[in-house]
Each structure stands twice: as structure tokens, then as C-alpha cells.
Amino acid sequence: MRCVLVYLGTALVMSGCAGTTQPDDVELCTGFPSWETSPYVLPYPVGTAYLVDQANCSPPGNGHRGVARYGYDFLMPIGTRVTAARAGVVSMLEESHFDGEIAATGKDNYLYVLHDDGTSALYGHFTYLGVAVDVGQAVTQGMLLGFSGNTGNTGNKPHLHLSVFTCNPIVLGSAACPTAPFTFRNTDPNPSGLQRGLVYEANDG
Ligand SMILES: [Zn+2]
């Protein structure tokens, strides 16, 4: 018998498959902080707008699952300006891979920024030599971080990945520092985070 997961109110229950569970089929993404007072702005310049191709709690087979279930993929051409969503200090970066070097792991160009509350942001898939800041450098919100690309686990769609970890995954590991829900204050209302398939313009809010 085929198992079916259904929502009843806020409870997720199994139907038609007593005795089994399939926790990987459906994940819950909840607990989003207020978007109006969010410390985050969209990671691209004011006046520009990009499509969210993947958001929180992706369907099975996509990257935003499990401990990595909170995050956003913004479709953008290679070379698009990427700016800091929040102030912090650059803690790690990689920019040696060429665009078109696609792999689930190991081919990403990326950048981590550590925030003053101990959380850490990952900006992923930069273009070759596309990071414009250095490790140890303090970055202010809205500052140019680099240029987007098509490296690593992109599905061969050039895009920017952005996620926030509850602590510093470089030090403590991604299992200990799962991704956290986050919102943006300088765009359309996003009380449950950005939604897949919508275009969000960065305003100066
Ligand atoms: Zn992603």
C-alpha cells in the first residue's frame, strides 16, 4: 500500500501505511522571524530583482533538505553582483573553481560570513576568482562580496545560494550547526520566508 502524508491542522500524520514512517518525504520549515525587523536584506543591489528558484524545504531530490533545509537560490547570470545580506567578518572562502565545474560537493566557490550573534551565512556558487573580499575582512551590509557563478552543486543553473547556520559550521560542523529560518526586510512581505517561483526586488528599506 502506498503511504500518504497528510496535514491535519498542524499535525503531520501517516495514512495508509501503518507501522512505517518516512520522515524524509515531508519536512517542516517553520519558525520564521519577523520580516519587517529582519537583520537581513536581499544579497543583491537595491533596484535589482531575481527569481527564487529553490527556497526552504525543497522537495525530495533537491539540496535544501535536512540540516540544510533553510536557504534560498536566486537565479542570476554569471557575473551578477552579490552583496552582503548582513554585516560580519569573512571566515572562509574558495574561488578556484571554474564555472561549469558541477558536482554535488567539492567544486563550489563560496564565502562564509560570521555575524556578531554567532550565526554564519553561506554564499555559494561564485564565479571563478569571483570573491571580492578576504578572510578576516569585516563587511558591512550591502557591501560587494563578489560575483555569482555556476560552480558546485548548481544543477547547472547559474545561481546564488544563501543560507544561515545557527553557529559556525566551519568550526563545529554542519550537523551541529543546522541552517536556520530567516527573512528579509527590504522586499515584498515574506512572513514565511521567500517563496519559490517568485521574483523579489531589493528596495532601500
Ligand atoms: Zn541552494
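Indexing begins at 1, ligand by ligand and atom by atom, following the structure's order. As the structure is a prediction and not an experimental result, all values here were calculated from the model.
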Metal check, the Zn ion (ligand 1) vs H161 N/O/S, cut-off below 2.8 Å:
yes
With respect to the Zn ion (ligand 1), please indicate if H64 possesses an N, O or S atom at a distance under 2.8 Å.
yes
Can a donor-acceptor pair be found between the side chains of D108 and H161 at a distance below 3.5 Å?
no
Sidechain-backbone polar pair: R185 side chain, S38 backbone, donor-acceptor under 3.5 Å
yes
Side-chain contact, heavy-atom cut-off 4.5 Å: Y200 with Y44?
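Side-chain contact under 4.5 Å: yes.
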Compare all side-chain heavy atoms of Y70 with those of C29 and state whether any distance is below 4.5 angstrom.
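Of all side-chain heavy-atom pairs linking C29 with Y70, at least one is under 4.5 Å.
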Kindly give the atom name of the N, O or S atom of D73 closest to the Zn ion (ligand 1).
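Closest to the Zn ion (ligand 1) among those atoms: OD1.
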